[in-house]
Structures are given as C-alpha cells and as structure tokens.
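Take a look at the structure below.
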Amino acid sequence: MPGANRDLVDRSLAAVWHPCTQMKAHERFPPVPVARGNGAWLEDFEGHRFVDGVSSWWVNLFGHSHPAINAAIADQLGKLEHAMLAGFTHEPVVELSERLAKLAPPGLGHAFYASDGASATEIALKMACHFWANRGRPAKNRVVHLEGSYHGETIGALSVTDVPLFRVAYAALLRRNIVTPFPSRHAGNKEFQCEPCAVEAAGALAKLLEEKSHEIAAIIVEPMVQGASGMRMYHPLYLRRVRELATAHDVLLIADEIATGFGRTGTMFGCEQAGIAPDLFCLSKGITGGYLPLSCVLATDEVYAAFYDDATARAFLHSHSYTGNALACRAACAVLDLFEEGRVLEANREKAKRFDAIAAPLAIHPAVHEWRRLGMIWAFEVATDSPAFAQQAFELAMRHHALLRPIGNTVYFMPTYATDDEAFAVLVGAGTAIADTLGQRG
Ligand SMILES: *Cc1c(COP(=O)(O)O)cnc(C)c1O
C-alpha cells in the first residue's frame, strides 16, 4: 500500500482506537483508508474503488455524497448549526418530529432525540421504567428481550443485548434482565421466518408474562429481523402476538427499528408488516441517510401523559447536550423528502427482484445455506471449517472490490439504495469468491 494511503493508515493506527476491533489484528490487515464516497461506491487515495455492501454499518440509504442531502446541510449551516433544545426549539426539529409522527405506526406523536442508537435504547428503557413508577407501580422495572437480541452497547442497552462476545467483559456492570426465546431456528427447525416457531415462541412469552408481569416494565424487540446476531429473520405473526400479550399484561412494547427503519425491510418500518404499533419506537442509523449522528424515540400519548405533571421529578429528565441537533434534523428532513419524491420503496422492490436474479447462481452454490432476503437485506450461511472465516471473507471481498463484513459464518449484503445492477453484481462476485474459496461443498 503506497503513498497517501499508507501514511494515513500509519497515523490512524498510532492515534485512533477503532471500534469493535482487536487492534493487534491490524498488524496483518491494516484499516482501509477512505478518501471519498460517491453513490454506492467508496474510494481510497489511489483510486481503488469498492462497493459499500453494508451501507457503512447500515446507516447509509441513498448513497454517499448525495447532492440533495449535501445541499440541505449546506443550507442549514448558513442558518443555524445547533442550539440547545431544553427551553428552546427550531424549525428542523419541529418539522422532523411532525413528519416522523405521520410516517410511524399510528399513535406515536411525541419525539425525544439523542445521537446514537444505543442512547435511543437507553431512553426507551428509562421511559418505560419511569412510566410505571409515575403510575404507582415501581416494581415493574425489568425488561424482557429476545435470544440473540442486539440493542446497542452502552451499559443499559448491553443489558438487553444477548450477544455473549459483547457482554462477557462487562458482566459485572450489567443488570440482569429476562431473555425469551427467538421465534425461529429452534434446534429442530432451522428455517428462518417459520410460522410454527412464531407460535411456539409466543407461547413461551405468554407463560413468562403470566408469571412475572408484576415486575416487567417492557419487552424490547427488533421487528422482522435481528440484525447483529446474524440477519435472523422471523415471521410477523410473532410481532402480532407480542403486541397482544404486552397489552394484556400491562407491559410496554418497545420496537427497536434502529436497523429496520426507513425502508430496509421493504416497508417504511418493519412493524407495518405485522400491522402493529408499539408504545415506544426507536430510530437511528438511516434517519440522516448516514450523514450525521441522530436518534429518536417516539412515544404514545399514553406514555407522554404519565410524565405530564406539576412535579419536576415526574418529568422525563434525561438530558443530552446535542439533543435535536439542527444539522442532523435537517439532513433527516432531506432524507424524508427523498422518500416522498422518489417512490423509493416501490423502486427498491423492483430492484430487489433484479438483484435476486443476479444472485440466483450464488443462492444455489453448494457451500451456501439458508439463503434469505427481507426487503433490501440478503443473507446466507457459508459452510466452512475456518475459525477466522469472517476476517478472511472480509479480506477476500476487499480484493473483489466489495466491502462486506460477515457476522460469524453469516454473509450479508445490505446495499445502499443507490446500488445499481452493476454494483450489486460486484457484491455477488465477492460472495461467490468467498463461497468458492472458504466454503465446504455439500
Ligand atoms: C446498531 C443498532 C443499535 C445501536 O445503534 P448505535 O448507533 O450503533 O449505538 C441498536 N439496535 C439495533 C437493532 C441496531 O442494529
């Protein structure tokens, strides 16, 4: 790696502690320097291009350096970059809140802002417990989450995240919550999106809530697909049952749509596919099109009313310095404009059909198993005996001009909506190289 690339990488390794990374592993494979982005593609300083097959950790929607989002942020910069939101307000945050309330499942009219997904989870957990305390039921303060759940990595969010690798080192800091079965891929049935599994898992949840709802504030779910534990898709019937059970047992339902929001699952939000509305609704990632850190928790009138009082202590007192940042809210409004103008969901549906056809030979590759798709997420398991599969697959994909970041043996494509047939074929080419080189046949 010559010149400008090498120089930036050396400075990065000396000064930057990279996320979710064993830094020593960079001795062998250094971080990839990114000079610029354009649409579905990223590029280094020597002009090597690669397709962003994971939408830069699932945040990008309309591609890199999108002219309309660029222009909106530049315009906002000339007016107001940021002002505190406690006691003050501004146009971008009001407009965004109004528009999100219209787009979200019905009844979610009160928007509370933070800057990242994990903080949205924290806020939803705090709101849920405080809601029951304000209602005179402080014993309802535990949270139910699913096997394989991922809701972020701050302490509270990690305490409802069921990914052992992320938890072990911090076990002493984590609150014990309650895990309930995931609605598919039981030992006897590995099928994703399986309906009997949804019924079975809902049955387990019903039993749990019958016994323990007096101490449970909320249940938190990732609608339609668990992302970080390996693109584990499931049947929408499960969500409908969770909604019914939560209502019946006085438990709030938190829908974490941080990854699934903004068209990723084929509908604007995953909840729509089950026809349900949660009590608390977490958004982040795609909300600014991958431009600026922003997250949001939408709450129902019922939740909001429990905090509305003369007593300060009954208010939701969570404070975050950058709440409702004007630049980020304006970027989010520009993203919503693009959805309105462009018939994006319809276009993605057409696109996904073409992409399915491009990927058809890979789907039946002998080393590829459990091929699946939901909206603009494709995933498959690779049969392999390599313990370093994920890292090797990443390196191999980079050599094939694709940014892919497998989770264990699960390879997934989560392309930006700017991805065209040619760019998707690059991802499929990289996936095929992975299956050919690292996979075991049969
Ligand atoms: C990424 C993610 C989070 C955490 O968001 P961060 O911005 O990374 O903190 C929470 N929940 C889900 C479902 C996610 O995919």
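Counting begins at 1 with the first residue of the sequence. Both ligands and their constituent atoms are indexed starting at 1 by order of listing.
Using a 4.0 Å cut-off between charged side-chain N and carboxylate O, Glu370 and Arg232 make no salt bridge. One finds no salt bridge joining Lys140 and Asp250 here, because no Lys/Arg side-chain nitrogen approaches an Asp/Glu carboxylate oxygen to under 4.0 Å. Between Asp279 and Arg243 there is a salt bridge, with a side-chain nitrogen of the basic residue lying less than 4.0 Å from a carboxylate oxygen of the acidic one. With respect to Arg343 and Glu350, no salt bridge is recorded, no charged nitrogen being found less than 4.0 Å from a carboxylate O.
The contact set between ligand 1 and His151, taken as ligand atoms under 4.0 Å from a residue heavy atom, comprises 10 (C), 11 (N). Those atoms of ligand 1 with a heavy atom of Ala259 less than 4.0 angstrom away are 15 (O). Contact atoms of ligand 1 toward Trp58: 15 (O) (distance under 4.0 Å to a heavy atom of the residue). The contact set between ligand 1 and Asp116, taken as ligand atoms under 4.0 Å from a residue heavy atom, comprises 7 (O), 9 (O). Remark: ligand 1 atoms within the under-4.0 Å shell around heavy atoms of Gly152 are 4 (C), 10 (C).
With respect to atom 4 (C) of ligand 1, the closest heavy atom belonging to the protein is Ala118 N, 3.6 Å. Gly117 N, 2.8 Å is the protein heavy atom nearest to atom 7 (O) of ligand 1. Among all protein heavy atoms, the one lying closest to atom 12 (C) of ligand 1 is Asp256 OD2, 3.4 Å. Of the protein's non-hydrogen atoms, Lys285 NZ, 2.9 Å is the one closest to atom 14 (C) of ligand 1.
Checking Asn177 against His145 by side-chain atom types alone, no donor-acceptor pair falls below 3.5 Å.
Enclosure of atom OH in Tyr170 is not indicated, since only 12 or fewer non-hydrogen atoms of other residues, nucleotides or ligands lie within 6.0 angstrom.
Counting only heavy atoms from C-beta outward, the side chains of Pro223 and Phe269 never approach each other to under 4.5 Å.
The aromatic rings of Tyr304 and His110 sit parallel to each other, their planes meeting at less than 30°, with 60° as the upper class boundary.
By the criterion of a heavy-atom distance under 4.0 Å, the side chain of Ile258, and not its backbone, is placed next to ligand 1. No part of Glu153 comes within 4.0 Å of ligand 1, judged by heavy-atom distances. Under 4.0 angstrom from ligand 1, there are no non-hydrogen atoms of Trp57.
Ligand 1 is never approached by Gln226 to a heavy-atom distance shorter than 4.0 Å.
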